[in-house]
There are 2 protein chains.
Amino acid sequence: MIDKLKEQDYRLTPQRLAVLKILAGSDAHPSAEHIYEQVKVDFPMTSLATIYKTLTLLKEIKEVLEISIGDDHNHYDGRRPYPHPHLICNACKKIIDADMVDLSKVSQHLAKKTGYRITNYQINFFGICPLCQKKV
Amino acid sequence: MIDKLKEQDYRLTPQRLAVLKILAGSDAHPSAEHIYEQVKVDFPMTSLATIYKTLTLLKEIKEVLEISIGDDHNHYDGRRPYPHPHLICNACKKIIDADMVDLSKVSQHLAKKTGYRITNYQINFFGICPLCQKKV
DNA sequence: ATATTTATCGATAATGATTCTCTGTTTTGA
DNA sequence: TCAAAACAGAGAATCATTATCGATAAATAT
């Protein structure tokens, strides 16, 4: 992560380093607020805006994945910053990675394999449609 | 939809009927704001809060599907109110249904089949994890 | 039909995550 | 050392969604 930052001529500040450390050290898919609380332990003067700015930067250089689970606040994954499926518990809101494919029976397989009672899922593909490709 | 409402002892009001009609008559996955604009054509006195309340109700009785695409506002599908994959254009924000399974090669198949240039996708499964199932 | 009960409505304030603005500070490179 | 650019911090602004609450209207019984 640090190398990626330097490669692209971004500065490595203490605040950024602190965010990087938390992202690298957690597989709990923390929210911006949660990262903020963690960073404040070592850098009490840090602003929440800085957290967001750092996350935006990391998103741009593809070193963090932003995850929207309809929870009114986003979560961030710095360990596996590429698109991959997640499994979210509606009760405790825990997010875990669920790397398996198929789909017709993924839901049932997933339920069997992980013990989760799956009640819903969300699949979104993002891209450029044929019409917009022409417009370029 | 109307029957479902009556079954569960909900009232059928003009405002609700207007929302139902728009949901039933559109496959464009409209936002609450968009539904609001449409409803106001026939019922100018309608409040945006009523749109949200109706959508919440329809979500509860599973007659509409709420779709979060990280666009800062949700979209609604009243035609196919069950979880299913969507394909979103990053440029024009158009949302279309993408009913195909598999996953390992869904992305490539989808690209070939629809002409979309897929740059990202999001998959979320919602459920109850083993620990929380025990807690019940 | 009319009255009664109660869900629903409309208007607006409140909430809360994220972004913006602006000012001061730090880093970089000549 | 110094100017230019990047960055941080504080708090205001934004904006979708929710909550509040008095007024209104739908369903049902009288």
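Values below: all heavy atoms of this structure, side chains included; hydrogens, waters and symmetry mates excluded. Throughout, protein chains are lettered first and strands after them, A, B, ... in sequence-line order, and every chain is numbered starting at 1. Note that the structure is a prediction, hence the values are computed from the model and not measured.
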### Query
What residue pairs, at least two apart or across chains, pass side chain to side chain donor-acceptor pair (under 3.5 Å) with a residue in residues 40-58 of chain A?
none

### Query
Taking C-beta and beyond as the side chain, do A/Leu65 and A/Tyr76 meet within less than 4.5 Å on heavy atoms?
no

### Message
Just the rounded figure in Å: distance from C1' of D/dA26 to CG of B/Leu17.
### Response
14 Å

### Message
Does a side-chain N or O of A/Thr13 approach OP1 or OP2 of D/dC7 to a distance below 4.0 Å, or not?
### Response
no

### Query
If you look at every heavy atom in B/Arg16 and B/Arg11, which pair is closest and at what distance?
NH1-O, 2.8 Å

### Query
Considering the terminal five base pairs at each end of the helix from C/dA1-D/dT30 to C/dA30-D/dT1, what angle separates the two local helix axes, rounded to 10°?
30°

### Message
Return a single string for nucleotides 10-18 of chain D, one symbol per nucleotide in 5' to 3' order, where B is base contact, S is sugar-phosphate-only contact and - is none, cutoff 4.0 angstrom on heavy atoms.
### Response
BB----SSB

With a 3.5 Å cut-off and sequence neighbours excluded, list the donor-acceptor pairs that the side chains of residues 19-36 of chain A form with protein atoms.
{"unit_1": "A/Ser26", "atom_1": "OG", "unit_2": "A/Ala28", "atom_2": "N", "d": "3.0"}
{"unit_1": "A/His29", "atom_1": "ND1", "unit_2": "A/Asp27", "atom_2": "O", "d": "3.1"}
{"unit_1": "A/His29", "atom_1": "ND1", "unit_2": "A/Ile95", "atom_2": "O", "d": "3.2"}
{"unit_1": "A/His29", "atom_1": "NE2", "unit_2": "A/Asp77", "atom_2": "OD2", "d": "3.2"}
{"unit_1": "A/His29", "atom_1": "NE2", "unit_2": "A/His86", "atom_2": "NE2", "d": "3.4"}
{"unit_1": "A/His29", "atom_1": "NE2", "unit_2": "A/Asp97", "atom_2": "OD1", "d": "3.0"}
{"unit_1": "A/Ser31", "atom_1": "OG", "unit_2": "A/His34", "atom_2": "N", "d": "3.2"}

### Task
Could you tell me the separation between the CZ atom of A/Arg11 and the P atom of D/dA8, rounded to a whole number of Å?
9 Å

### Start and end of chain B contact along DNA chain C [non-hydrogen atoms, under 4.0 Å]
C/dT6 to C/dT12

### Task
Check whether any side-chain heavy atom of A/Phe43 lies under 4.5 Å from a side-chain heavy atom of A/Gln38, and answer yes or no.
no

#### Entry: In one Ile/Leu/Val/Met/Phe/Trp/Tyr side-chain cluster, 4.5 Å: B/Leu12, B/Met45
yes

### Message
For a quick test of reading the model: is some side-chain N or O of B/Gln15 closer than 4.0 Å to OP1 or OP2 of D/dA25?
### Response
no

### Message
I want to check something: taking the side chain as every heavy atom from C-beta on, are A/Ile67 and A/Asn74 in contact at a cut-off of under 4.5 Å?
### Response
no

### Query
Is there side-chain contact between A/Thr13 and A/Leu17, with heavy atoms separated by less than 4.5 Å?
no

